[in-house]
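Quick note on labels: first sequence line is chain A, next is B, and so on, each numbered from 1.
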There are 4 protein chains.
Amino acid sequence: MNSDATSAPASREERRDALVLAAYNQIAERGFEGLRTREVAAEAGVNIATLHYYFPTKEALIRGVVEHAMRRFRSTLAPHGTPEAQLRNHLRAVRRLLQDEPQLGAVMGELSLRSARDPAIAHIMQDTNEAWHRTLRGLLRRAAAGGHLKPELDSDAVAALVVAALTSMTLPTVSASPRTDQALRQLERWLGI
Amino acid sequence: MNSDATSAPASREERRDALVLAAYNQIAERGFEGLRTREVAAEAGVNIATLHYYFPTKEALIRGVVEHAMRRFRSTLAPHGTPEAQLRNHLRAVRRLLQDEPQLGAVMGELSLRSARDPAIAHIMQDTNEAWHRTLRGLLRRAAAGGHLKPELDSDAVAALVVAALTSMTLPTVSASPRTDQALRQLERWLGI
Amino acid sequence: MNSDATSAPASREERRDALVLAAYNQIAERGFEGLRTREVAAEAGVNIATLHYYFPTKEALIRGVVEHAMRRFRSTLAPHGTPEAQLRNHLRAVRRLLQDEPQLGAVMGELSLRSARDPAIAHIMQDTNEAWHRTLRGLLRRAAAGGHLKPELDSDAVAALVVAALTSMTLPTVSASPRTDQALRQLERWLGI
Amino acid sequence: MNSDATSAPASREERRDALVLAAYNQIAERGFEGLRTREVAAEAGVNIATLHYYFPTKEALIRGVVEHAMRRFRSTLAPHGTPEAQLRNHLRAVRRLLQDEPQLGAVMGELSLRSARDPAIAHIMQDTNEAWHRTLRGLLRRAAAGGHLKPELDSDAVAALVVAALTSMTLPTVSASPRTDQALRQLERWLGI
DNA sequence: AATGAATGAGAGTTCATTCAT
DNA sequence: AATGAATGAACTCTCATTCAT
């Protein structure tokens, strides 16, 4: 619950964001299964009718959450440094992001499952995944060209494997395991970074 | 819809199984979000009250689905042959299972996410994952001991990575990608199998 | 409110009818504007969910009311005796029906207005009106053929005027006027019956 | 939608009238059942809060509509010429008015039904009807006195019948019928005008 | 004089569960 | 063992109205 009597009056954008964030947290905590508009409104400190003033339907609110999660996740995709360093940093950044903000993993997992039933989400997730894959493949190729990576690697296949390994960490079953860090380090060893 | 007027009268066990299977399919198709007991009963060809005769609550029915999914999944964990062959076969068997019975992946994904909220499911999923991990680690060790695997590999870490990679395939985002097979082949290459 | 603790258990058909009757009374009392499913359920002595067990939507319930009102009204259209007597009896029967069961007039008025927005209702009302018109025209012709009516009358036009005059009595503005009976008697005088 | 950016700034009275007219049109189109203040405000090109500045409640707005409709209708009641001509003209004027401005019939019908629940409306409608009746009766008497009408007619009863017949034309069921004009002509024939 | 933002009360509808038979 | 009927609680969404500016 967020109702802070001393907080400054929220602007239009801030209130929208607060609602999206509340929904984001609710989805992380209870899944789409347990997402209740009244709960979201309460957590944002507003009346249920106010929620509908900003988002005409629950679906519209969910689209807001999708955008938020994607923006949040894409922030990890813009590294700098040498390609090898970027690769290593990227693996660790994703891992850290999912650890520091466990909601993101949960929401991404929920969205991934929902994409099987919701073409709009499927499309967005696919786009994001494609961008992610291309970024990784680019890094792998440049690292190989610079002689800092075993040249026999198929950059497409490796990129796909890295995406898969990192994606699996959005699932509690995997991310809760104490061996997940070992798995990532093994990946780094194989990549030689 | 399963109501076959000419079918033999269903035994207690058969009816229970039919209900579990109907629920399993419903979860695969609509997620926990869209699981409706009435729909399950209808698909099993019985009245909603009959469902509650076999499963007092929706939760009880879900526990039945969990058992079913786990049994289904564990069946892939019992390979034979040389350790290297078992390893390779296992990777392919999991891949094939998820392709042939897409419901299993969907349900496993749903269960994985739900385990964050449901300790009972979390416990079962963890047990299954532990068993899976131990099986893989054993194979890796025996393969290494037989000289059929690069000896410098940390079998614990590799097993974790394999589990992660295969688990990621329960998510539509990954399993729908055309590069998933390449990723698996890359894994085989690194393992040297 | 109808909840009679000593009443016999209602059969499927009885309960349906009770709900339709409750809705019919509510529409008469408060108009479509004030029709509330919860109120209807309460008047029929059942839970709101039970109402939806019998009628999936409010619209379905309204269709039930339309049928009921039409059946109720058509019952007046089957007279017997000589054509002149039938005519006279019909005028009086309609008048009496609307006086004894003021709900019917109110509901018919509501339906008439709603037919401007609801093609299904428009169709039903039109059919009923056509049947009514034909019945009256038939009576007028037979009465004229028997020499009991001024032969110069245009039976089509007269029938239309009778329908209009009687229909106007569904409006409270008209039916509440103390001169409505005089108007009907004037009509009889002109018809010579 | 009426928002004309180039129009002169509306005066207090004009804005009030615009809102009443918008409400009048909405009632004609959707009935009291579908009357929404937001829709009215939008059609008048103002904010919903502005509507409440002019009309504190929805009821107040409706009273405004009642006045407007009554004024509109009464305009037909002031004929001139010989009594017979006035009578004939009146019948035709009402018919034409309802054809040219179908909203008026719809609104009058809605008001008539509402008068059963709303004493204020009932009172106004009754007054209007009384005035109408007296006007017609006066015309009938003068026409009879002038020898232009069958003298045996009961002017009170005939006036009531004329009012009833014309009132019925506010109902779509009647006014939509192609025989309404015939009915009116039959009335004229009987009156001998 | 006018508005964007907010809300309380309540609408129709859904759903897991229960009960009498 | 099986069901039709019934329900309490809760859901998303709507609407007339209010309030600060």
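When heavy atoms are screened at a 4.0 angstrom cut-off, D:Leu51 is found touching no nucleic acid atom at all. C:Leu35 comes within 4.0 angstrom of sugar-phosphate atoms only, judged by non-hydrogen atoms across all strands, and of no base. Using a 4.0 Å heavy-atom distance criterion, A:Phe55 is classed as making no nucleic acid contact. At a threshold of 4.0 angstrom between heavy atoms, the contacts of A:Thr37 are confined to the sugar-phosphate backbone, with no base atom among them.
Here F:dG4 is the nucleotide among F:dG8, F:dG4, F:dA16 with the atom lying nearest to any side-chain atom of B:Asn47. Side-chain proximity of C:Ile48 to the nucleotides F:dA9, F:dG4, F:dA2 is greatest for F:dA9. The side chain of C:Thr57 has E:dT13 as its nearest neighbour among F:dT7, F:dG4, E:dT13. Picking from E:dT14, F:dG4, E:dT3 the nucleotide with the shortest atom distance to the side chain of C:Ala49 gives E:dT14.
In DNA chain E, stems built from 3 or more consecutive Watson-Crick or G-U wobble pairs, each with both distances under 3.5 Å, span E:2-21 with F:2-21.
Atom NE2 in D:His52 sits about 15 Å away from atom C1' in E:dA5, given to the nearest Å. Summarising the geometry, the separation between CG on A:Leu19 and P on E:dT7 is reported as 10 Å, rounded to the nearest angstrom. Going from atom OH of B:Tyr54 over to atom P of E:dA16 covers 20 Å, rounded to whole Å.
Taking side-chain N and O atoms only, C:Tyr53 has no distance below 4.0 Å to OP1 or OP2 of F:dA6. Residue C:Arg12 places at least one side-chain N or O closer than 4.0 Å to OP1 or OP2 of F:dA5. Of the side-chain N and O atoms in A:Arg15, none sit less than 4.0 angstrom from OP1 or OP2 of E:dG4. Phosphate proximity of F:dA5 to C:Thr50: absent, as no side-chain N or O sits under 4.0 Å from OP1 or OP2. The side chain of D:Arg38 contributes no N or O atom lying less than 4.0 Å from OP1 or OP2 of F:dC15.
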Worksheet entry | Check against side-chain contact (heavy atoms from CB on, under 4.5 Å), D:Glu43 and D:Gln26 | CA-CA 9 Å; D:Glu43 192 175 320; D:Gln26 282 289 314; 3.1 Å; yes
Practice prompt. For A:Arg16 and A:Phe55, run side-chain contact (heavy atoms from CB on, under 4.5 Å): C-alpha distance rounded to whole Å, both residues' side-chain angles, the deciding distance at 0.1 Å, then the answer.
Written response: CA-CA 8 Å; A:Arg16 247 192 85 99; A:Phe55 297 95; 3.4 Å; yes
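Using a distance-only test at 3.5 Å, with no hydrogens or angles considered, no donor-acceptor pair links the side chain of D:Tyr54 to the main chain of D:Leu61.
When each of B:Val46 and A:Arg36 is assigned the nucleotide of DNA chain F with its nearest heavy atom, B:Val46 is the one assigned upstream, toward the 5' end. Comparing C:Glu59 and B:Pro56 by the nucleotide of DNA chain E whose heavy atom lies nearest to each, the residue mapping closer to the 5' end is C:Glu59.
One finds the CG atom of A:Leu113 at 11.5 Å from the CD1 atom of B:Ile27 (value rounded to the nearest 0.5 Å). In this structure, CG on A:Leu35 lies 10.0 Å from CZ on A:Arg30, to the nearest 0.5 angstrom.
Electrostatic pairing of A:Arg117 and B:Glu33 counts as a salt bridge here, judged by a charged N lying under 4.0 Å from a carboxylate O. C:Glu59 and C:Arg114 are joined by a salt bridge, as a carboxylate oxygen and a charged side-chain nitrogen come within less than 4.0 angstrom of each other.
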